[in-house]
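Input: a single structure, listed below in C-alpha coordinates.
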Amino acid sequence: MPKFLLTFALVAAAGLTLTACSGAQKTETAKGDCHKDGAKGDCKKGEGHAKGDCKGDCHKDGAAKGDCKKGECDDCKKKAAFQLVPGEVFAKDIEAGKGGVIFDVNSKERYLQGHLPGAVHAHKAAITRAELPEDTAARIVFYCGSPKCMASHKAAETATGLGYTNVWVMSDGIKGWEEKNLPTEKGGNAMAFGLIPAADLNTKMQGAAQIHVFDVNSAERFAKGHIAGAKHVSLKEFDAAPLPPNKDAMLVFYCGSPKCGASHRAAKLAAAKGYTNLWVMPDGIKGWEAAGLPTEK
(Lines give C-alpha, C1' and ligand atoms only; values in the text may rest on other atoms or scores of the structure.)
Protein backbone atom coordinates (compact mmCIF):
# COMPACT_ATOMS: atom_id res chain seq x y z
CA MET A 1 0.00 0.00 0.00
CA PRO A 2 1.32 3.47 -0.87
CA LYS A 3 2.57 5.44 2.15
CA PHE A 4 -0.01 8.26 1.82
CA LEU A 5 -2.90 5.72 1.75
CA LEU A 6 -1.59 3.99 4.88
CA THR A 7 -1.43 7.35 6.69
CA PHE A 8 -5.02 8.21 5.65
CA ALA A 9 -6.30 4.83 6.89
CA LEU A 10 -4.67 5.30 10.31
CA VAL A 11 -6.13 8.80 10.70
CA ALA A 12 -9.59 7.58 9.72
CA ALA A 13 -9.41 4.70 12.18
CA ALA A 14 -8.37 7.05 14.97
CA GLY A 15 -11.30 9.33 14.16
CA LEU A 16 -13.77 6.42 14.38
CA THR A 17 -12.33 5.41 17.75
CA LEU A 18 -12.67 8.94 19.13
CA THR A 19 -16.27 9.19 17.87
CA ALA A 20 -17.17 5.86 19.46
CA CYS A 21 -15.65 6.88 22.81
CA SER A 22 -17.42 10.23 22.73
CA GLY A 23 -20.76 8.52 22.11
CA ALA A 24 -20.21 6.04 24.94
CA GLN A 25 -19.34 8.81 27.37
CA LYS A 26 -22.47 10.74 26.51
CA THR A 27 -24.63 7.65 27.09
CA GLU A 28 -23.07 6.99 30.50
CA THR A 29 -23.39 10.53 31.83
CA ALA A 30 -26.82 11.47 30.54
CA LYS A 31 -29.05 8.42 31.01
CA GLY A 32 -32.55 9.54 31.82
CA ASP A 33 -33.35 6.40 33.82
CA CYS A 34 -30.31 6.45 36.11
CA HIS A 35 -32.66 7.18 39.02
CA LYS A 36 -35.04 4.38 38.12
CA ASP A 37 -38.09 3.98 40.40
CA GLY A 38 -37.26 7.20 42.21
CA ALA A 39 -36.75 10.31 40.10
CA LYS A 40 -36.60 9.49 36.40
CA GLY A 41 -34.86 12.14 34.36
CA ASP A 42 -33.13 13.85 37.28
CA CYS A 43 -29.60 12.91 36.16
CA LYS A 44 -28.00 15.54 33.96
CA LYS A 45 -25.02 15.36 31.64
CA GLY A 46 -21.80 15.67 33.58
CA GLU A 47 -23.23 14.75 36.98
CA GLY A 48 -21.80 11.25 36.78
CA HIS A 49 -24.62 9.67 38.84
CA ALA A 50 -24.48 5.90 38.82
CA LYS A 51 -27.68 4.01 38.15
CA GLY A 52 -29.48 3.32 41.41
CA ASP A 53 -27.91 6.15 43.48
CA CYS A 54 -31.35 7.42 44.41
CA LYS A 55 -33.01 4.38 45.95
CA GLY A 56 -36.55 3.56 44.92
CA ASP A 57 -37.63 2.77 48.50
CA CYS A 58 -36.70 6.29 49.54
CA HIS A 59 -39.99 7.39 48.01
CA LYS A 60 -42.13 4.50 49.19
CA ASP A 61 -45.68 5.51 50.19
CA GLY A 62 -44.94 9.15 49.42
CA ALA A 63 -42.49 9.52 52.31
CA ALA A 64 -38.89 8.77 53.03
CA LYS A 65 -37.64 5.84 55.10
CA GLY A 66 -34.55 7.75 56.07
CA ASP A 67 -32.17 6.04 53.66
CA CYS A 68 -31.39 9.07 51.49
CA LYS A 69 -27.65 9.60 51.77
CA LYS A 70 -25.32 12.47 51.02
CA GLY A 71 -24.66 12.76 47.31
CA GLU A 72 -27.99 11.34 46.22
CA CYS A 73 -30.43 13.28 44.10
CA ASP A 74 -32.14 16.44 45.36
CA ASP A 75 -35.57 14.95 44.74
CA CYS A 76 -34.76 12.12 47.13
CA LYS A 77 -33.62 14.53 49.81
CA LYS A 78 -36.71 16.69 49.36
CA LYS A 79 -39.02 13.77 50.05
CA ALA A 80 -37.11 12.91 53.21
CA ALA A 81 -38.84 15.71 55.14
CA PHE A 82 -40.56 13.18 57.43
CA GLN A 83 -39.95 9.56 58.31
CA LEU A 84 -42.02 6.41 58.76
CA VAL A 85 -42.10 4.33 61.94
CA PRO A 86 -43.83 0.91 62.18
CA GLY A 87 -46.36 0.30 64.94
CA GLU A 88 -44.28 -2.20 66.94
CA VAL A 89 -41.28 0.13 67.00
CA PHE A 90 -43.35 3.14 67.97
CA ALA A 91 -45.09 1.21 70.76
CA LYS A 92 -41.65 0.66 72.33
CA ASP A 93 -40.87 4.37 71.90
CA ILE A 94 -44.07 5.27 73.78
CA GLU A 95 -43.28 2.77 76.53
CA ALA A 96 -39.82 4.30 76.88
CA GLY A 97 -41.26 7.81 77.08
CA LYS A 98 -39.91 8.77 73.65
CA GLY A 99 -43.19 8.92 71.73
CA GLY A 100 -43.27 12.70 71.39
CA VAL A 101 -46.49 14.55 70.57
CA ILE A 102 -48.91 12.16 68.85
CA PHE A 103 -51.71 13.31 66.55
CA ASP A 104 -54.66 11.19 65.41
CA VAL A 105 -56.05 12.65 62.16
CA ASN A 106 -58.95 10.23 61.81
CA SER A 107 -62.58 11.28 62.18
CA LYS A 108 -63.92 12.41 65.56
CA GLU A 109 -65.99 9.21 65.83
CA ARG A 110 -63.01 6.96 65.05
CA TYR A 111 -60.84 8.79 67.55
CA LEU A 112 -63.38 8.32 70.34
CA GLN A 113 -63.72 4.62 69.43
CA GLY A 114 -60.02 4.05 70.08
CA HIS A 115 -56.69 5.83 69.65
CA LEU A 116 -53.03 5.54 70.62
CA PRO A 117 -52.24 6.29 74.27
CA GLY A 118 -51.88 10.04 74.72
CA ALA A 119 -52.82 10.87 71.12
CA VAL A 120 -54.41 14.26 70.44
CA HIS A 121 -57.20 14.53 67.89
CA ALA A 122 -56.62 16.94 64.99
CA HIS A 123 -58.19 17.71 61.63
CA LYS A 124 -56.10 16.43 58.74
CA ALA A 125 -56.94 19.50 56.64
CA ALA A 126 -56.34 22.07 59.37
CA ILE A 127 -52.94 21.61 60.97
CA THR A 128 -51.60 24.97 62.16
CA ARG A 129 -49.19 26.20 64.83
CA ALA A 130 -52.21 26.40 67.12
CA GLU A 131 -52.23 22.60 67.29
CA LEU A 132 -48.48 21.94 67.10
CA PRO A 133 -45.95 22.36 69.94
CA GLU A 134 -43.98 25.59 70.23
CA ASP A 135 -40.65 23.76 69.90
CA THR A 136 -40.11 23.12 66.18
CA ALA A 137 -37.53 20.44 67.04
CA ALA A 138 -39.99 18.42 69.16
CA ARG A 139 -40.84 14.95 67.89
CA ILE A 140 -44.26 14.94 66.20
CA VAL A 141 -45.97 11.74 65.05
CA PHE A 142 -49.10 11.55 62.90
CA TYR A 143 -51.26 8.53 62.04
CA CYS A 144 -54.61 7.91 60.40
CA GLY A 145 -56.62 4.81 59.46
CA SER A 146 -54.37 2.27 57.76
CA PRO A 147 -51.15 1.90 55.72
CA LYS A 148 -53.13 3.02 52.65
CA CYS A 149 -54.35 6.22 54.31
CA MET A 150 -52.47 9.36 53.21
CA ALA A 151 -54.10 11.86 55.61
CA SER A 152 -51.23 11.41 58.07
CA HIS A 153 -48.69 12.02 55.30
CA LYS A 154 -50.42 15.25 54.28
CA ALA A 155 -50.53 16.41 57.89
CA ALA A 156 -46.82 15.62 58.23
CA GLU A 157 -46.06 17.61 55.08
CA THR A 158 -47.97 20.56 56.53
CA ALA A 159 -45.93 20.35 59.74
CA THR A 160 -42.62 20.26 57.89
CA GLY A 161 -43.80 23.20 55.79
CA LEU A 162 -44.31 25.12 59.03
CA GLY A 163 -40.68 24.52 59.97
CA TYR A 164 -40.89 21.40 62.15
CA THR A 165 -37.83 19.21 61.73
CA ASN A 166 -38.56 15.98 63.66
CA VAL A 167 -41.75 14.78 61.98
CA TRP A 168 -42.87 11.13 61.69
CA VAL A 169 -45.78 9.05 60.43
CA MET A 170 -46.83 5.84 62.21
CA SER A 171 -47.36 3.87 59.01
CA ASP A 172 -49.69 1.10 60.28
CA GLY A 173 -52.53 3.47 61.13
CA ILE A 174 -55.00 2.69 63.90
CA LYS A 175 -56.23 -0.48 62.13
CA GLY A 176 -52.77 -1.97 61.85
CA TRP A 177 -52.02 -0.90 65.43
CA GLU A 178 -55.12 -2.68 66.75
CA GLU A 179 -54.50 -5.78 64.61
CA LYS A 180 -51.16 -6.16 66.39
CA ASN A 181 -52.94 -5.93 69.77
CA LEU A 182 -51.04 -2.79 70.74
CA PRO A 183 -52.53 -0.64 73.56
CA THR A 184 -55.27 1.92 72.87
CA GLU A 185 -57.42 4.38 74.78
CA LYS A 186 -61.11 5.25 74.28
CA GLY A 187 -62.95 8.53 74.64
CA GLY A 188 -60.93 11.66 75.28
CA ASN A 189 -61.16 15.18 73.95
CA ALA A 190 -61.90 15.07 70.24
CA MET A 191 -61.55 18.26 68.22
CA ALA A 192 -64.33 20.62 69.27
CA PHE A 193 -65.09 21.97 65.82
CA GLY A 194 -65.75 20.83 62.27
CA LEU A 195 -64.45 22.30 59.02
CA ILE A 196 -66.54 24.05 56.40
CA PRO A 197 -64.92 25.18 53.10
CA ALA A 198 -65.51 28.72 51.86
CA ALA A 199 -67.76 27.67 48.97
CA ASP A 200 -69.94 25.51 51.25
CA LEU A 201 -70.26 28.29 53.82
CA ASN A 202 -71.28 30.75 51.12
CA THR A 203 -73.97 28.34 49.88
CA LYS A 204 -75.23 27.61 53.37
CA MET A 205 -75.45 31.31 54.19
CA GLN A 206 -77.96 31.72 51.34
CA GLY A 207 -80.36 29.31 53.07
CA ALA A 208 -82.92 29.89 55.78
CA ALA A 209 -80.81 28.57 58.67
CA GLN A 210 -79.26 31.24 60.86
CA ILE A 211 -75.46 31.10 60.89
CA HIS A 212 -73.29 33.27 63.12
CA VAL A 213 -70.00 34.07 61.38
CA PHE A 214 -67.08 35.56 63.30
CA ASP A 215 -63.92 37.17 61.91
CA VAL A 216 -60.88 36.63 64.19
CA ASN A 217 -58.47 38.79 62.20
CA SER A 218 -57.12 42.14 63.39
CA ALA A 219 -59.50 45.10 63.52
CA GLU A 220 -57.57 46.66 60.61
CA ARG A 221 -57.94 43.57 58.43
CA PHE A 222 -61.63 43.30 59.33
CA ALA A 223 -62.18 46.92 58.26
CA LYS A 224 -60.37 46.27 54.98
CA GLY A 225 -62.84 43.56 54.02
CA HIS A 226 -64.75 40.69 55.65
CA ILE A 227 -67.49 38.18 54.92
CA ALA A 228 -70.83 39.95 54.63
CA GLY A 229 -72.60 39.83 57.99
CA ALA A 230 -69.57 38.60 59.93
CA LYS A 231 -68.86 40.08 63.37
CA HIS A 232 -65.38 40.87 64.60
CA VAL A 233 -64.06 39.10 67.71
CA SER A 234 -60.76 39.42 69.55
CA LEU A 235 -59.06 36.46 71.20
CA LYS A 236 -57.76 38.75 73.95
CA GLU A 237 -61.28 39.97 74.70
CA PHE A 238 -63.20 36.81 73.86
CA ASP A 239 -65.38 37.05 76.97
CA ALA A 240 -66.89 40.16 75.39
CA ALA A 241 -67.50 38.47 72.02
CA PRO A 242 -71.08 38.91 70.69
CA LEU A 243 -71.95 35.20 70.86
CA PRO A 244 -75.63 34.21 70.64
CA PRO A 245 -77.45 33.00 73.78
CA ASN A 246 -78.43 29.71 72.09
CA LYS A 247 -75.59 27.23 72.83
CA ASP A 248 -76.69 25.01 69.92
CA ALA A 249 -76.54 27.78 67.32
CA MET A 250 -74.18 27.30 64.38
CA LEU A 251 -71.02 29.35 64.94
CA VAL A 252 -68.37 29.71 62.21
CA PHE A 253 -64.95 31.26 62.84
CA TYR A 254 -62.32 32.29 60.30
CA CYS A 255 -59.05 34.24 60.26
CA GLY A 256 -56.45 34.99 57.58
CA SER A 257 -55.54 31.82 55.71
CA PRO A 258 -55.20 28.03 56.10
CA LYS A 259 -51.98 28.64 58.05
CA CYS A 260 -53.72 30.84 60.62
CA GLY A 261 -54.65 29.22 63.95
CA ALA A 262 -56.62 32.09 65.53
CA SER A 263 -59.94 30.69 64.29
CA HIS A 264 -59.08 27.34 65.87
CA ARG A 265 -58.37 28.98 69.22
CA ALA A 266 -61.63 30.93 69.04
CA ALA A 267 -63.64 27.78 68.37
CA LYS A 268 -62.00 26.07 71.35
CA LEU A 269 -62.80 29.05 73.56
CA ALA A 270 -66.43 28.89 72.40
CA ALA A 271 -66.50 25.16 73.19
CA ALA A 272 -65.29 25.94 76.70
CA LYS A 273 -68.32 28.23 77.05
CA GLY A 274 -70.64 25.34 76.21
CA TYR A 275 -71.30 25.89 72.49
CA THR A 276 -71.80 22.62 70.62
CA ASN A 277 -72.24 23.47 66.91
CA LEU A 278 -68.83 24.94 66.10
CA TRP A 279 -67.09 25.26 62.74
CA VAL A 280 -63.93 26.76 61.26
CA MET A 281 -63.70 28.05 57.69
CA PRO A 282 -60.04 27.06 57.03
CA ASP A 283 -59.70 29.07 53.79
CA GLY A 284 -59.59 32.28 55.79
CA ILE A 285 -60.44 35.67 54.31
CA LYS A 286 -57.65 35.29 51.73
CA GLY A 287 -59.14 32.08 50.39
CA TRP A 288 -62.64 33.56 50.46
CA GLU A 289 -61.53 36.58 48.42
CA ALA A 290 -59.45 34.43 46.04
CA ALA A 291 -62.63 32.45 45.27
CA GLY A 292 -64.41 35.68 44.32
CA LEU A 293 -66.97 35.38 47.12
CA PRO A 294 -68.75 38.52 48.40
CA THR A 295 -67.24 40.76 51.09
CA GLU A 296 -68.10 44.03 52.71
CA LYS A 297 -66.09 46.82 54.35
Side-chain angles (χ1 to χ4, degrees), residues 103 105-109 121-132 144 150-151 153-163 190-297:
F103 290 97
V105 290
N106 290 303
S107 68
K108 177 179 179 180
E109 293 73 23
H121 185 237
H123 286 297
K124 61 184 178 183
I127 301 294
T128 70
R129 287 190 177 274
E131 284 69 46
L132 301 175
C144 50
M150 291 291 107
H153 294 62
K154 292 179 180 178
E157 289 172 356
T158 299
T160 58
L162 289 171
M191 190 62 75
F193 57 86
L195 300 178
I196 182 167
D200 292 349
L201 176 59
N202 182 59
T203 300
K204 204 169 185 67
M205 289 178 71
Q206 312 310 315
Q210 185 177 14
I211 303 174
H212 302 269
V213 182
F214 298 94
D215 184 308
V216 200
N217 290 301
S218 67
E220 292 76 17
R221 184 61 183 87
F222 178 79
K224 183 179 178 181
H226 54 269
I227 295 176
K231 297 178 180 179
H232 183 252
V233 296
S234 167
L235 289 178
K236 293 181 179 180
E237 301 174 357
F238 197 79
D239 287 340
L243 303 180
N246 179 10
K247 300 290 185 179
D248 296 324
M250 182 176 180
L251 276 58
V252 181
F253 297 90
Y254 73 88
C255 50
S257 71
K259 294 183 179 181
C260 172
S263 52
H264 298 202
R265 294 188 181 96
K268 292 175 183 177
L269 290 172
K273 290 180 173 291
Y275 288 88
T276 59
N277 191 3
L278 301 170
W279 299 82
V280 163
M281 194 268 287
D283 307 73
I285 191 62
K286 290 183 179 178
W288 181 275
E289 292 175 334
L293 298 173
T295 61
E296 62 183 18
K297 296 182 180 181

For the student: nearest non-hydrogen atoms of [X] and [Y], plus distance:
| X | Y | value |
| --- | --- | --- |
| Ile196 | Asp283 | O-OD1, 4.4 Å |
| Ala199 | Leu293 | N-CD1, 4.2 Å |
| Cys144 | Val105 | CB-CG2, 3.8 Å |
| Leu243 | Phe238 | CD1-CE2, 4.0 Å |
| Glu157 | Thr160 | O-OG1, 2.8 Å |
| Met191 | Ala122 | CE-CA, 3.6 Å |

Which word best sums up how the rings of His123 and Phe193 line up, parallel for under 30°, tilted for 30 to 60°, or perpendicular for over 60°?
-> tilted

Under a 3.5 Å distance rule, please check whether [X] uses its side chain to pair with a backbone N or O of [Y] as donor and acceptor.
| X | Y | value |
| --- | --- | --- |
| Asp215 | Lys231 | no |
| Arg129 | Gly261 | no |
| Lys273 | Lys247 | no |

Has Glu296 got more than 12 heavy atoms of other residues, nucleotides or ligands less than 6.0 Å from its CD?
-> yes

Side chains of [X] and [Y], heavy atoms from C-beta outward: is any pair under 4.5 Å?
| X | Y | value |
| --- | --- | --- |
| Pro242 | Phe214 | yes |
| Pro282 | Thr128 | no |
| Ile227 | Met205 | yes |
| Lys108 | His121 | yes |
| Ile285 | Phe222 | no |

Could you grab the distance from atom [atom1] of [X] to atom [atom2] of [Y], nearest 0.5 Å is fine?
| X | Y | atom1 | atom2 | value |
| --- | --- | --- | --- | --- |
| Lys124 | Ser107 | NZ | OG | 9.0 Å |
| Thr276 | Asp248 | OG1 | CG | 4.0 Å |
| His212 | Tyr275 | NE2 | OH | 8.5 Å |
| Asn246 | Leu251 | CG | CG | 9.0 Å |
| Trp288 | His226 | CH2 | NE2 | 11.5 Å |
| Gln206 | Ile211 | CD | CD1 | 9.0 Å |

Can you give each donor-acceptor pair under 3.5 Å made by side-chain atoms of residues 262-270, sequence neighbours left out, with the distance rounded to 0.1 Å?
residue: His264; atom: ND1; partner: Glu131; partner atom: OE1; Å: 3.1
residue: His264; atom: ND1; partner: Glu131; partner atom: OE2; Å: 2.8

